[in-house]
2 protein chains.
Amino acid sequence: MTVINIFLTDELGETLDDFVHDERRFTFARLGSDGPRQLVEGPAYVFVDWVMDDMAGLEMCRRLRADQRMGDSHVTMVLESDDIEDRRRALKAGADDYLVGPLDRTTVLDRVLALQSERQPRHATQRLEFGPLVIDMAALQARWAGEPVQLRPNEFRLLRYFAENANRVLSREELISGLGKQEPPIDERTVDVWVGRLRRALKSAGAGNPLRTVRSLGYVFDLV
Amino acid sequence: MTVINIFLTDELGETLDDFVHDERRFTFARLGSDGPRQLVEGPAYVFVDWVMDDMAGLEMCRRLRADQRMGDSHVTMVLESDDIEDRRRALKAGADDYLVGPLDRTTVLDRVLALQSERQPRHATQRLEFGPLVIDMAALQARWAGEPVQLRPNEFRLLRYFAENANRVLSREELISGLGKQEPPIDERTVDVWVGRLRRALKSAGAGNPLRTVRSLGYVFDLV
DNA sequence: CGTTATGTGACGCGATGGTGACATCCGCCC
DNA sequence: GGGCGGATGTCACCATCGCGTCACATAACG
């Protein structure tokens with residue numbers, strides 16, 4: 001079982017004490033005013049609260065961002081009130097996102113699980129899994145819910161790139177360079193054709209149409 | 001080589017004259033009492049000093065914040081003394097940050113470099129949450145209580161704007177400029193149509209009708 | 001009940017994307 | 001070498017979409 005690391009500042013920790021000691025799958029840790037009180041393996045999810053009338057929260061955010069050991073972490077700023085200036089400042093201080101407190105168990109866990117599923121893949125190089133999609137790098141073969149997807153080389157690369165960047169809008173430009181086609185320069189509209197061909201392949205393998213067009217921007221691979 | 005833009009108010013500029021003319025990698029520019037004296041490409045780091053017994057510093061802060069061209073800039077207020085009230089006022093006026101003067105070369109450069117490194121590699125998966133509404137800026141997708149909301153680009157922008165200004169009456173004029181549609185001038189009544197379309201989209205995603213009409217003023221996004 | 005503000009279906013224009021057809025290119029086999 | 005077949009980039013056509021406007025219906029207000 002994967003262990004998920006969550007850091008909470010003291011105040012939030014108190015609020016959530018009932019489940020801090022309860023969950024097994026998660027590592028909860030307290031965050032002192034001088035930084036994380038313990039180190040963990042792997043990426044962590046940090047919730048920093050605002051702390052009224054003081055920069056403490058922002059300052060903490062900045063330090064975490066600067067801290068090499070926490071490089072991969074996802075920092076969520078917990079605002080006290082829904083103030084527009086506060087939000088801006090939170091993001092500027094390096095928060096990855098924000099939400100308005102107070103927090104409860106469900107919110108924290110939902111948020112963490114959502115983020116988790118986004119960043120899942122990355123590690124295994126031979127076999128990538130994204131929900132119903134399995135990409136076998138060794139066999140250069142993809143399956144959707146067990147069903148093999150008939151792909152030509154370029155489509156395979158495209159699908160892989162989409163899967164590795166699921167739930168993110170990818171511009172045509174990014175897709176072109178993502179597939180390593182700089183030379184000769186490729187017409188952006190060609191991406192439309194790639195996507196069309198990939199869609200057809202996915203469809204005949206029984207996947208619906210997970211590739212959503214975002215008008216005038218690009219395409220997203222929607223993964224629930 | 002990346003060029004970093006730094007604005008200093010006159011007083012600070014004088015203090016720091018020795019290195020204003022010295023560094024190559026930085027663009028230093030003076031900030032007159034009427035605003036930036038020159039425009040630069042890209043985000044800038046602005047240091048505004050407090051100016052004893054006067055609101056000038058705060059006023060400047062406010063103006064910079066309102067200035068479209070400086071939208072991405074980071075404003076640091078330089079306090080004369082470490083007063084809690086002053087801090088609050090600085091932040092309220094839109095400063096991103098403050099520090100206590102007088103400044104020296106090292107402090108300015110350290111601060112700027114720190115901010116710089118923060119802003120580079122961020123590919124923030126910004127996920128904004130407002131009660132049951134989740135706006136995923138990366139996937140350009142909104143969900144209401146988990147249910148995806150089918151939105152066209154303009155509606156997405158509109159919803160985001162509403163959410164970020166929840167519980168505040170927004171005039172049609174503000175909505176138009178908030179979505180960045182200055183050119184060509186838009187008929188105010190068009191906003192009614194936008195709202196109508198957004199309402200329909202929200203409704204078919206199972207949200208009720210969180211957009212309330214305020215007769216002869218505009219619309220509010222009612223949250224909680 | 002008159003007046004003013006808002007809701008909304010319909011329309012049309014420009015922009016944008018989907019797609020079949022075609023031209024190239026490349027590797028392979030005889 | 002020549003011929004073949006699959007893969008892929010490009011093009012052009014056209015369906016579709018997004019969106020601003022208008023016109024009329026409806027609602028709110030005093």
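These numbers come from a predicted model, not from an experiment. Note on naming: letters A, B, ... go to the chains in the order of the sequence lines (proteins, then strands), and numbering restarts at 1 for each one.
Atom CD of E155(A) and atom P of dT19(C) are 13 Å apart (whole Å). As a whole-Å value, the separation of L217(A) CG from dA15(C) P is 17 Å. Note: CZ (R157(A)) to C1' (dA7(D)) measures 11 Å, nearest angstrom. Between the CG atom of D187(B) and the C1' atom of dC11(C) there is a distance of 16 Å, rounded to whole Å. The distance between atom CG of L211(B) and atom P of dT8(C), rounded to the nearest whole Å, is 12 Å. Here the C1' atom of nucleotide dG9(D) and the CZ atom of R197(A) are 8 Å apart, to the nearest Å. Atom CD1 of I186(A) and atom P of dT24(C) are 16 Å apart (whole Å). For R152(A) and dC26(C), the CZ to P distance is 18 Å, given to the nearest whole Å.
Within the nucleic acid shown, Y219(B) comes within 4.0 Å of sugar-phosphate atoms alone, with no base atom in reach, counting heavy atoms only. In this structure, P185(B) reaches the sugar-phosphate backbone alone: every heavy-atom distance under 4.0 Å involves primed, P, OP1 or OP2 atoms, never a base. At the heavy-atom level, T213(B) lies under 4.0 Å from the strands shown only through sugar-phosphate atoms. Residue contacts shown for R189(A) include a base, since a base heavy atom lies under 4.0 Å away. Using a 4.0 Å heavy-atom distance criterion, R199(B) is classed as a sugar-phosphate-only contact. The residue S216(B) sits close only to the backbone: its heavy atoms come under 4.0 Å of sugar-phosphate atoms, none of a base. Residue V193(B) is in base contact, counting any heavy-atom pair closer than 4.0 Å across all strands shown.
Using a cut-off of 4.0 Å between Lys/Arg side-chain N and Asp/Glu carboxylate O, R168(B) and E174(B) are scored as salt-bridged. Residues E164(B) and R160(B) are paired through a salt bridge, judged by an N-O separation under 4.0 Å between the basic side chain and the carboxylate.
Residues R199(B) and S204(B) have side chains that never bring a donor and an acceptor to within less than 3.5 angstrom of each other.
Ring geometry, F221(B) versus W144(B): the interplanar angle exceeds 60°, so the pair is classed perpendicular (tilted spans 30 to 60°).
Judged by distance alone, the side chain of N167(B) and the main-chain N or O of D222(B) form no donor-acceptor pair under 3.5 Å. A donor-acceptor pair under 3.5 Å is absent between the side-chain atoms of R200(B) and the main chain of V195(B), judged by distance alone.
OP1 or OP2 of dG9(D) lies within a sub-4.0 Å distance of a side-chain N or O belonging to W194(A). An OP1 or OP2 oxygen of dC19(D) is reached within less than 4.0 angstrom by no side-chain nitrogen or oxygen of K181(B).
In the interface, the side chain of R200(A) is not paired with the base of dG18(C) through any donor and acceptor atom under 3.5 Å apart.
Among dT21(D), dG9(D), dT8(D), the nucleotide with an atom closest to any side-chain atom of T190(A) is dG9(D). Of the listed nucleotides (dT6(C), dC19(D), dA15(C)), dA15(C) has the atom at the smallest distance from the side chain of R215(A).
Five base pairs at each end of the helix from dC1(C)-dG30(D) to dC30(C)-dG1(D) define two local axes, and these are offset by 30° (rounded to 10°).
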